[in-house]
Amino acid sequence: MKEYVHSEVEKKWQDIWDREEAFCVSDDHSKPKYYALVEFPYPSGQGLHVGHPRPYTAMDIVARKRRMQGYNVLFPMGWDAFGLPTENYAIKEHIHPKIVTENNVSHFKEQLHALGYSFDWNREVNTTDPSYYKWTQWIFLKLFEHGLAYKAEVPINWCTGCKVSLANEEVVDGVCERCGSPVVRRVKSQWMLKITEYADKLLEGLDTVDYIEKIKTQQRNWIGRSTGAEVDFGIAGTEDILRVFTTRCDTLFGATYMVVAPEHPLIEKYADRIGNMDEIRAYRDEANKKSDFERAELSADKEKTGVRIEGLTAVNPVNNTEIPIYVSDYVLMSYGTGAIMAVPAHDTRDWAFAKKFGLPIIEVVSGSDKDVNEECYPDVSEGIMVNSGFIDGLNVKEAQKKMIGFLEKEGKGREKVNFKLRDWIFSRQRYWGEPIPIVHCEKCGYVAVPYDELPLMLPEVESYEPTDTGESPLSKMESFVNCKCPKCGGPGKRETDTMPQWAGSSWYFLRYCDPHNDDALASEEALKYWMPVDWYNGGMEHTTLHLLYSRFWHRFLYDIGAVTCPEPYLKRTSHGLILGSNNEKMSKSRGNVVNPDDIVRDYGADTLRLYEMFIGAFDMAASWSDEGVKGCRRFLDRVWRLQDILVDGDSYSQDMETRIHQTIKKVSGDFDTLKYNTGIAALMSLLNDFTKKGSINKAELSLFLVLLNPVAPHITEEMWELIGNEGRVYRQTWPSWDEEKTVEDTVEIMVQVNGKNRKTISVARDIDKDSAIAAGREAVAEWVDGHDTVKEIFVPGRLVNIVVK
RNA sequence: GCUGGCGUGGCGGAAUUGGCAGACGCGCGGGACUCAAAAUCCCGUGAUGGCGACAUCGUGUGGGUUCGACCCCCACCGCCAGCACCA
């Protein structure tokens with residue numbers, strides 16, 4: 001027998017697949033389509049990581065199996081290539097990011113190719129390609145046109161050392177990831193996308209798709225819809241109001257003071273009436289010095305701080321009581337209205353604050369067995385209202401209803417829905433991203449670059465270093481910045497910020513449908529045929545960013561008629577991380593990184609694919625084991641040696657038939673439900689049976705190769721050819737099983753006495769209850785004779801249980 | 001703190017969703033082949049007791065439901081992930 005040399009076999013078949021264009025797909029509308037998608041990688045300088053092949057192999061198995069089942073399968077790959085690491089590397093090494101990207105992409109591509117994936121490389125996309133980002137810019141302009149892109153002053157992370165704004169990911173433990181200087185919050189004018197306008201649609205859409213539950217929950221929590229009421233408190237001696245959002249308007253009679261965020265505009269507005277303005281400004285400045293990290297870090301059980309606003313009091317609209325107003329950083333400007341009504345009796349934060357500042361605490365929901373002055377009573381979803389005037393005696397729900405009625409009648413409040421979701425900060429003061437196609441004109445304001453001028457090319461610059469002021473490197477390029485206003489023809493200045501990395505990845509799945517189209521992001525015909533994506537797998541870390549952003553863009557494109565379905569992904573799953581052999585996350589500093597190239601070289605791509613699918617449940621983290629890899633290679637060696645015991649035969653031998661049908665069923669089911677580990681285990685078991693038997697016929701081996709092919713495509717093609725079969729495994733039809741043949745004629749059932757196993761007997765599969773029990777009684781006579789029978793239980797195919805006294 | 005998930009041999013993990021716990025793989029022990037080793041093949045492998053057939057115990061802890069519980073219910077402990085002063 002020929003020796004199994006994985007390097008030769010794998011190279012041979014990869015070349016053949018290339019030559020045959022084996023996995024290039026055409027828009028053949030006569031066949032049912034299947035769109036399998038994996039998240040495209042960021043082509044980093046480090047190359048492929050052993051974490052990448054886990055989802056890629058999983059979806060490659062799905063794609064290969066669906067092809068064998070007669071589907072026209074789109075399984076594409078591309079590059080999410082804009083981004084910071086490339087830019088930083090370019091700065092350090094003085095190489096243009098475009099060149100860095102090209103090198104990285106070609107390295108990645110080689111590595112993916114060596115793993116034998118069935119990607120359709122004719123549809124490769126690259127987000128940094130102008131013919132691609134032309135359409136990213138087009139979508140931005142559409143958003144702008146529909147009022148969903150706007151400029152706003154927002155707080156950003158500012159590195160005091162590099163004098164540059166940082167993405168959240170670049171802030172580590174409150175300091176700059178690169179230079180270690182403290183990071184503070186700073187206000188800057190940024191492009192924003194109004195994802196909040198789509199909050200409800202994004203929430204509702206979740207009910208129509210098949211995502212694993214944990215993803216749905218996380219998205220729902222992130223969107224954070226809560227229903228409550230807006231309540232307007234008067235400000236004594238003025239016409240102004242202080243508006244708050246509350247989910248508990250029933251507790252309004254218990255509101256004994258108010259708190260506003262340090263940045264609340266009301267403070268500056270009444271600066272001349274406020275007695276202690278200096279103190280308040282000092283407090284605000286202190287709060288602003290804190291980075292997000294510090295604010296969050298200290299949040300949990302931090303002592304409450306705050307300052308009373310002297311000279312301003314609020315009027316409670318239900319009883320016209322005047323109550324004090326405080327500033328405190330526990331109230332966030334970014335949620336609700338930036339102001340709250342404090343009900344210390346029933347909110348732990350308000351209670352802590354009230355205790356510290358000696359404010360009154362009034363119980364308004366009964367039910368606590370303690371005095372609310374001694375202990376806060378926050379759990380008040382049930383309970384009866386007390387000390388609450390016209391809603392006394394009502395339960396919480398009724399009280400809320402009546403209160404909203406009252407507020408609406410008085411014009412002092414209304415029902416209101418609030419979201420945690422914030423608008424999407426869309427500007428980056430960076431070079432390596434899509435230029436934002438907007439011109440600022442003194443006369444006309446922000447003006448869109450005309451569609452026929454897209455793509456707005458990213459110009460060549462001399463240096464990618466950010467400027468001292470934190471502006472994008474593009475701002476130093478006068479020839480780029482200065483232009484004519486597209487509207488009035490007067491002097492204009494181009495936007496110099498670029499888009500975040502999330503932009504290009506928010507629609508790439510659409511481009512795969514029609515990647516070379518120059519007139520549209522994809523033709524309607526192609527979109528109609530291919531979309532939505534049938535199965536999308538990706539990392540859990542993208543659930544609230546990429547996954548939500550792309551759903552938002554897609555829904556918007558649907559609303560303007562650019563795409564044909566409202567939700568982009570029918571099904572979403574997530575893979576678990578691959579940890580180092582020490583159970584820790586793989587990283588250079590921990591020294592536990594495994595390079596996939598080494599595994600491919602030493603054991604072969606098929607081994608790596610098999611191992612990563614066998615390592616454990618797909619959605620759970622799994623730690624790397626070199627011994628486990630060897631075990632998988634050993635299995636492939638044993639598969640190869642099946643040639644030694646090969647005999648003639650063009651149908652399954654009788655003694656193996658049941659096992660074979662069981663295995664087809666098991667593998668088919670497991671490959672469709674991400675249970676690759678047990679599917680592979682079933683194949684290992686079947687192999688063990690053939691080895692034990694000492695022979696396998698050609699029909700049986702051929703079947704085995706077809707079942708194993710999606711996981712280990714190279715070795716199976718080679719063996720298929722060696723045993724003299726025609727054609728290719730990847731073009732075979734996926735086998736079906738006969739349900740009748742998956743069950744044995746006789747079954748072993750256990751016989752229990754009082755629930756305890758005593759004997760095992762062999763009976764006909766379709767034995768009736770009485771005969772089964774009779775046979776059972778006979779087998780366990782020594783335990784039941786002489787006892788009274790209480791109950792007899794028969795579970796077909798499983799057991800007989802005789803309960804005696 | 002909130003949300004979601006998990007807890008099973010020496011290890012990675014199975015268990016048709018209430019029906020023989022530990023499939024499959026790793027590791028380990030023994031044997032065959034070999035001058036020897038590697039590779040390969042065969043046998044064994046939850047714990048305790050027994051030469052043995054076998055018996056008892058055993059799925060984080062404590063209780064419960066049931067003829068029967070890794071699975072369902074109640075309480076608790078521990079770990080992982082995400083969010084976190086969200087009004």
Side-chain angles (χ1 to χ4, degrees), chain A residues 212-218 220-222 224-226 228 231 244-248 251 255 258-259 295-302 304 328-332 334-343 346-350 352-353 378 418-422 540-541 543-544 576-577 581 583 610-611 614-617 619-632 634-635 637-638 641 662 665-666 669 675 677-688 691-692 748-760 790-793 795-804:
Chain A
I212 52 174
E213 209 45 46
K214 134 169 114 163
I215 293 177
K216 285 193 184 184
T217 322
Q218 238 180 74
R220 286 196 187 108
N221 290 346
W222 188 261
R225 186 183 204 272
S226 61
V231 184
V244 302
F245 172 74
T246 175
T247 53
R248 296 302 306 270
T251 62
M258 303 193 73
V259 187
R295 271 193 163 186
E297 175 73 355
L298 301 170
S299 69
D301 35 29
K302 174 181 79 159
K304 295 277 177 287
S328 176
D329 64 0
Y330 87 86
V331 173
L332 310 172
S334 51
Y335 183 76
T337 60
I340 62 156
M341 63 177 211
V343 184
H346 306 293
D347 181 288
T348 49
R349 296 154 302 171
D350 296 345
F353 192 88
N418 232 324
F419 296 95
K420 280 191 213 175
L421 185 69
R422 313 285 154 76
M540 216 42 221
E541 70 275 20
T543 302
T544 51
L577 278 182
S581 47
N583 252 317
L610 180 73
Y611 173 65
F614 187 62
I615 191 168
D619 58 339
M620 300 234 258
S623 36
W624 188 267
S625 152
D626 290 327
E627 296 305 326
V629 176
K630 284 184 200 156
C632 286
R634 205 150 22 198
F635 168 68
D637 285 331
R638 296 178 65 206
R641 281 197 302 271
Q662 284 171 343
K665 182 181 176 179
K666 176 80 180 147
K675 290 168 154 177
N677 52 340
T678 50
I680 291 164
L683 287 170
M684 289 173 166
S685 275
L686 185 62
L687 175 113
N688 290 345
T691 312
K692 202 160 277 173
E748 304 263 288
I749 65 168
M750 57 186 157
V751 184
Q752 303 181 329
V753 178
N754 293 343
K756 191 177 274 284
N757 296 336
R758 289 300 178 185
K759 287 273 152 113
T760 302
V790 178
K791 203 171 180 179
E792 288 168 325
I793 292 146
V795 182
R798 302 244 183 260
L799 58 82
V800 166
N801 187 12
I802 298 161
V803 185
V804 294

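Since we're looking at a predicted model, the values are computed, not measured.
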Exercise. When you compare B/U59 with B/C71, how far apart are their P atoms, in angstrom units rounded to a whole number?
Worked result: 9 Å
Problem set entry | Whole-Å distance separating the CG atom of A/L421 from the P atom of B/C86 | 17 Å
Problem set entry | Pairwise side-chain contact, A/R248 with A/V343, heavy-atom cut-off 4.5 Å (strictly under) | no
For this session: Using the ring of A/Y330 (Phe, Tyr or Trp, six-membered ring only), decide whether A/K304 places NZ or CZ under 6.0 Å from its centre and within 45 degrees of its axis.
Result: yes
Problem set entry | Closest to side chain of A/R349, choosing from B/C85, B/G19, B/A87 | B/C85
Exercise. How many Å lie between CG on A/N757 and P on B/C20, as a whole number?
Worked result: 8 Å
Problem set entry | Presence of donor-acceptor pair under 3.5 Å, side chain of A/R638 and base of B/C41 | no
Exercise. With no angle test and no hydrogens, is the base of B/C85 tied to the side chain of A/K304 by a donor-acceptor pair under 3.5 Å?
Worked result: yes
For this session: Rounded to the nearest angstrom, tell me the gap between atom CZ in A/R798 and atom C1' in B/U17.
Result: 11 Å
For this session: Taking only the side-chain heavy atoms of A/T678 (C-beta and beyond), determine which of B/A14, B/C20, B/G82 contains the nearest atom.
Result: B/A14
Exercise. Which nucleotide, B/C20, B/C26, B/C42, lies nearest any side-chain atom of A/R634?
Worked result: B/C26
Exercise. With respect to the side chain of A/Q752, which nucleotide from B/G27, B/G19, B/G13 is positioned closest?
Worked result: B/G19
Problem set entry | Watson-Crick/G-U partner (both atom distances under 3.5 Å) of B/A84 | none
Problem set entry | Whole-Å P distance, B/C72 and B/U17 | 14 Å
Exercise. A/A622 has a side chain; which of B/U16, B/G13, B/A87 sits nearest to it?
Worked result: B/G13
Problem set entry | Whole-Å gap separating P (B/G25) and NZ (A/K630) | 17 Å
Exercise. Roughly how far, to the nearest 0.5 Å, is the CD1 atom of A/I212 from the OG1 atom of A/T543?
Worked result: 7.5 Å
Problem set entry | Under 3.5 Å on both distances, the Watson-Crick or G-U partner of B/U40 | B/A32
Problem set entry | Interatomic distance where CE belongs to A/M540 and P belongs to B/C80 [whole Å] | 18 Å
Exercise. Does A/N688 place a side-chain N or O at less than 4.0 Å from the phosphate oxygens OP1/OP2 of B/G25?
Worked result: yes
Exercise. Of all the nucleotides listed (B/C26, B/A14, B/U3), which has the minimum atom distance to the side chain of A/T217?
Worked result: B/U3
For this session: Under 4.0 Å between any heavy atoms, over every strand shown, what does A/R641 touch: base, sugar-phosphate, or nothing? Just pick one.
Result: sugar-phosphate
Problem set entry | Conformer about C1'-N of B/U66 - syn within 90° of 0, anti elsewhere | anti
For this session: Find the partner of B/G19: check Watson-Crick (N1-N3 plus N6-O4 or O6-N4) and G-U wobble (N1-O2, O6-N3) distances, both under 3.5 Å, and reply none if neither fits.
Result: B/C67
Exercise. B/G7: syn or anti, with syn meaning chi within 90° of zero?
Worked result: anti
Exercise. Which of these nucleotides, B/G13, B/C83, B/A21, is closest to any side-chain atom of A/N677?
Worked result: B/G13
Problem set entry | Partner nucleotide of B/A55 by Watson-Crick or wobble geometry (both distances under 3.5 Å) | B/U48
Problem set entry | Residue A/L332, side-chain heavy atoms: nucleotide from B/A87, B/U16, B/G25 that is nearest | B/A87
Seminar exercise, completed: Taken to the nearest 0.5 Å, the spacing of A/N801 CG from A/I749 CD1 works out to 11.0 Å
Seminar exercise, completed: When rounded to whole Å, the CG to C1' distance for the pair A/N801 and B/G18 reads 13 Å
Exercise. Rounded to the nearest Å, what distance is computed from the CG atom of residue A/D350 to the P atom of nucleotide B/C85?
Worked result: 14 Å
For this session: Return the nucleotide paired to B/A14: Watson-Crick means purine N1 to pyrimidine N3 with N6-O4 or O6-N4, wobble means G-U with N1-O2 and O6-N3, both under 3.5 Å.
Result: none
Problem set entry | Sugar-phosphate, base or nothing in reach of A/R225, heavy atoms under 4.0 Å | nothing
Exercise. Roughly, in whole Å, what's the span from OH in A/Y335 to P in B/C2?
Worked result: 18 Å
Seminar exercise, completed: Tightest non-hydrogen contact, residues A/D350 and A/A342, listed as OD2-CA, 3.3 Å
Exercise. If you look at every strand shown and take non-hydrogen atoms under 4.0 Å, does A/I615 touch a base, only sugar-phosphate, or nothing?
Worked result: sugar-phosphate
For this session: Give the nucleotide from the list B/U40, B/C86, B/A55 with an atom nearest to the side chain of A/R758.
Result: B/A55
For this session: May I ask which nucleotide in the shown strands pairs with B/C79, Watson-Crick or G-U wobble, both distances under 3.5 Å?
Result: B/G5
For this session: Select base, sugar-phosphate, or nothing to describe what A/K214 touches, counting heavy atoms under 4.0 Å on all strands.
Result: sugar-phosphate
For this session: Report yes or no: does A/Y611 contribute a side-chain atom to a donor-acceptor pair with the main-chain N or O of A/S625 at less than 3.5 Å?
Result: yes
Exercise. Among B/G25, B/C20, B/A87, which nucleotide sits nearest the side chain of A/M684?
Worked result: B/G25
Problem set entry | Flag side-chain contact, heavy atom, 4.5 Å: A/Q752 against A/I793 | no
